[in-house]
There are 2 protein chains.
Amino acid sequence: MKMTIPESTIHRMPQYIKVLEYLDEGKVLFVTSRDFETHIDVNPSIIRKDLSYFGEFGVRGKGYSVTGLKQELEKIMGLTGHRTIIIGAGNIGKALTNYKGFDNIKLKINAVFDNDERKIGSMINTIPVLDIKTMKAYVESENIEFVIMAVPSSIADLVVDQLIDSDIKGIINFTSKFLSVPKRIKVISINIDTKIMEMFYFLKKSRMK
Amino acid sequence: MKMTIPESTIHRMPQYIKVLEYLDEGKVLFVTSRDFETHIDVNPSIIRKDLSYFGEFGVRGKGYSVTGLKQELEKIMGLTGHRTIIIGAGNIGKALTNYKGFDNIKLKINAVFDNDERKIGSMINTIPVLDIKTMKAYVESENIEFVIMAVPSSIADLVVDQLIDSDIKGIINFTSKFLSVPKRIKVISINIDTKIMEMFYFLKKSRMK
DNA sequence: TCCACATTGTGAAAGAATTCACAATGTGGT
DNA sequence: ACCACATTGTGAATTCTTTCACAATGTGGA
Ligand SMILES: NC(=O)c1ccc[n+]([C@@H]2O[C@H](COP(=O)([O-])OP(=O)(O)OC[C@H]3O[C@@H](n4cnc5c(N)ncnc54)[C@H](O)[C@@H]3O)[C@@H](O)[C@H]2O)c1
Ligand SMILES: NC(=O)c1ccc[n+]([C@@H]2O[C@H](COP(=O)([O-])OP(=O)(O)OC[C@H]3O[C@@H](n4cnc5c(N)ncnc54)[C@H](O)[C@@H]3O)[C@@H](O)[C@H]2O)c1
């Protein structure tokens with residue numbers, strides 16, 4: 001049990017949590033690795049292998065306790081209540097700020113930052129839009145560990161420079177730029193455009209046959 | 001050159017296109033596989049291997065023509081002008097509908113569908129919000145190949161049933177549900193929540209050391 | 001025209017992830 | 001208390017992906 005944990009395992013863990021949440025809502029008490037196949041596109045032995053990196057959570061002959069495993073996985077993934085800020089009060093920034101579902105992953109959006117005079121000082125729901133100039137100080141005083149970046153892609157590097165200067169640990173990146181950052185900062189990119197291009201490729205292939 | 005193309009290659013192809021667009025804007029004429037390392041997190045030989053699945057596009061000793069390669073890759077990925085509809089005129093649906101950048105990937109959003117009486121009949125920018133009841137007919141008459149689904153996760157299966165009934169080929173899925181569809185339909189999921197949970201894990205790890 | 005050089009394209013090697021297959025073990029019915 | 005059964009946890013086998021390393025080849029300067 002002293003192996004390094006594969007990247008792909010980390011990608012799947014949150015999906016397992018989602019499935020367990022869903023089953024829990026449906027009052028399901030036990031789940032087997034085979035049952036997961038209905039809810040997620042992975043083979044049962046991959047689930048068992050993934051879990052084995054972290055411990056033994058199952059009961060042989062029976063499966064896994066839904067609430068028990070959910071709690072374990074939440075602990076493993078560090079789902080302990082996080083706060084963040086959003087940079088860019090545009091289309092995506094507003095959509096995220098208005099989103100109610102972040103409660104489920106215990107995420108609180110503290111503030112949104114922008115450089116547009118017309119937006120600064122306003123509120124999105126109950127969340128204030130603040131001046132980007134005050135971001136560094138805010139991040140430090142409020143101990144923000146990671147940010148969500150939703151500014152135009154052309155501005156990405158500019159914002160990243162400011163973030164490198166602060167002691168942020170992570171960036172969720174909605175821009176289509178590759179961010180060059182020191183390795184103490186973890187970048188996770190959500191790239192809608194490239195996902196849609198993948199779809200184009202599959203459409204083309206399906207037309208061909 | 002008759003091998004099957006790895007999934008991971010398909011994930012990277014759109015990223016190469018993005019880099020080439022960026023270089024092209026900067027009037028760069030030639031690019032080597034090594035140059036890509038500045039803009040994307042992959043090793044040069046992977047780029048060469050990826051491209052080799054589709055043909056030979058480089059000039060030995062020189063590199064790749066930026067505009068030439070861009071055009072080739074756009075052709076390979078089927079970037080030929082697509083139309084789509086968005087299902088759900090909520091936070092994400094509106095953000096996508098308002099997004100100008102889809103021009104770059106030659107994507108046109110034809111219409112948005114919703115079941116909320118207050119939204120049906122209105123416009124988002126120049127794009128009409130139509131009644132979900134008319135979706136199937138619309139998809140067929142307008143020959144829509146894929147849809148973008150941005151309804152509440154609890155409604156996902158309901159909408160999927162209607163889509164299976166139509167002759168849609170693909171779904172870009174923003175809900176957190178795993179969609180069970182016949183294999184003629186390609187599902188590509190963009191799961192913001194699970195990406196953020198991955199970030200939590202890395203934050204936890206970085207706190208530990 | 002020739003040659004030193006740079007970089008591609010690609011088999012072969014190395015490394016990583018998935019799947020198999022089964023011993024280990026708890027379950028639940030009798 | 002026992003046993004037939006189900007399912008876990010995990011080494012070993014397999015498959016998939018990345019990286020290496022170099023022959024092939026076009027470039028550009030002398
Ligand atoms: N909206 C989408 O559906 C969508 C789809 C794919 C990709 N994206 C990407 O997401 C990012 C955001 O897209 P969007 O549509 O929300 O953009 P947007 O233009 O609607 O919003 C950008 C916001 O950033 C603010 N901003 C600009 N410069 C700033 C600065 N220096 N400091 C702080 N704030 C600044 C602007 O005032 C604006 O409020 C872009 O990189 C885009 O490519 C968006
Ligand atoms: N907004 C975000 O930042 C965000 C983040 C992560 C995940 N998501 C996911 O994206 C999806 C959409 O989120 P959102 O925030 O845009 O939701 P939302 O509630 O703002 O919008 C959903 C829209 O769907 C419409 N709708 C409801 N039932 C419908 C039906 N039967 N047919 C047609 N339309 C129907 C609603 O009227 C509403 O306009 C959800 O699954 C959510 O979990 C959103």
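None of these values were measured; they are calculated from a predicted model. A note on names: the letters A, B, ... follow the listed sequences, proteins ahead of strands, and every chain is numbered from 1.
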Would you please name every residue forming a salt bridge (Lys or Arg N to Asp or Glu O under 4.0 Å) with B:Lys106, sequence neighbours left out?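 B:Lys106 satisfies salt bridge (Lys or Arg N to Asp or Glu O under 4.0 Å) with B:Glu74 only.
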
Who passes salt bridge (Lys or Arg N to Asp or Glu O under 4.0 Å) against A:Lys136, sequence neighbours left out?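 Checked A:Lys136 against salt bridge (Lys or Arg N to Asp or Glu O under 4.0 Å); matches are A:Glu140.
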
So, A:Asp50 and A:Thr9: side-chain donor and acceptor under 3.5 Å apart, yes or no?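 A pair is found: one side chain offers a donor N or O, the other an acceptor, under 3.5 Å apart.
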
Taking distance alone, no hydrogens or angles, what donor-acceptor pairs closer than 3.5 Å link side-chain atoms of residues 83-97 of chain B to residues at least two apart or in another chain?
from, atom 1, to, atom 2, distance (Å)
B:Arg83, NH1, B:Glu142, O, 2.8
B:Arg83, NH2, B:Glu142, O, 3.0
B:Arg83, NH2, B:Asn143, O, 3.4
B:Thr84, OG1, B:Phe146, O, 2.7
B:Thr97, OG1, B:Gly93, O, 2.5

Which donor-acceptor pairs under 3.5 Å do the side chains of residues 189-202 of chain A make with protein atoms, sequence neighbours left out?
from, atom 1, to, atom 2, distance (Å)
A:Ser189, OG, A:Asn173, ND2, 3.0
A:Asp193, OD2, B:Lys18, NZ, 3.3
A:Thr194, OG1, A:Asn191, O, 3.1
A:Glu198, OE1, B:His11, ND1, 2.9
A:Glu198, OE2, B:His11, ND1, 3.0

So if I take the C1' atoms of five pairs at each end of the helix from C:dT1-D:dA30 to C:dT30-D:dA1 and get each local axis, what angle do the two axes make, rounded to 10 degrees?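 What I find for the helix from C:dT1-D:dA30 to C:dT30-D:dA1 is an axis angle of 30°.
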
Hey, could you give me the CG/OG distance between A:Asn43 and A:Ser33, rounded to the nearest 0.5 Å?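 Going from CG on A:Asn43 over to OG on A:Ser33, the span is 8.5 Å.
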
Heavy atoms from other residues, nucleotides or ligands near CZ of B:Arg184 exceed 12 (cutoff 6.0 Å):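 Counting other residues, nucleotides and ligands, CZ of B:Arg184 exceeds 12 neighbours.
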
As a test of reading the structure: which of C:dT18, C:dA17, D:dT19 is closest to the side chain of A:Ile46, going by heavy atoms?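 When the side chain of A:Ile46 is considered, C:dT18 is the closest of C:dT18, C:dA17, D:dT19.
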
For D:dC20, does OP1 or OP2 lie under 4.0 Å from any side-chain N or O of B:Asn43?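 Answer is yes, contact under 4.0 Å.
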
Using whole Å, what does the distance between atom [atom2] of nucleotide [N] and atom [atom1] of [X] come to?
X       : N      : atom1 : atom2 : result
A:Ile5  : C:dT18 : CD1   : P     : 14 Å
B:Glu7  : C:dT18 : CD    : P     : 12 Å
B:Arg12 : D:dT19 : CZ    : C1'   : 12 Å

Per-nucleotide protein contact string for nucleotides 6-12 of chain D, where B marks a base within reach and S marks sugar-phosphate only (heavy atoms under 4.0 Å, - for neither): BBBBBBB

Taking the side chain as C-beta and beyond, is there a heavy-atom pair between A:Val66 and A:Leu29 under 4.5 Å?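 Sidechains of A:Leu29 and A:Val66: no contact.
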
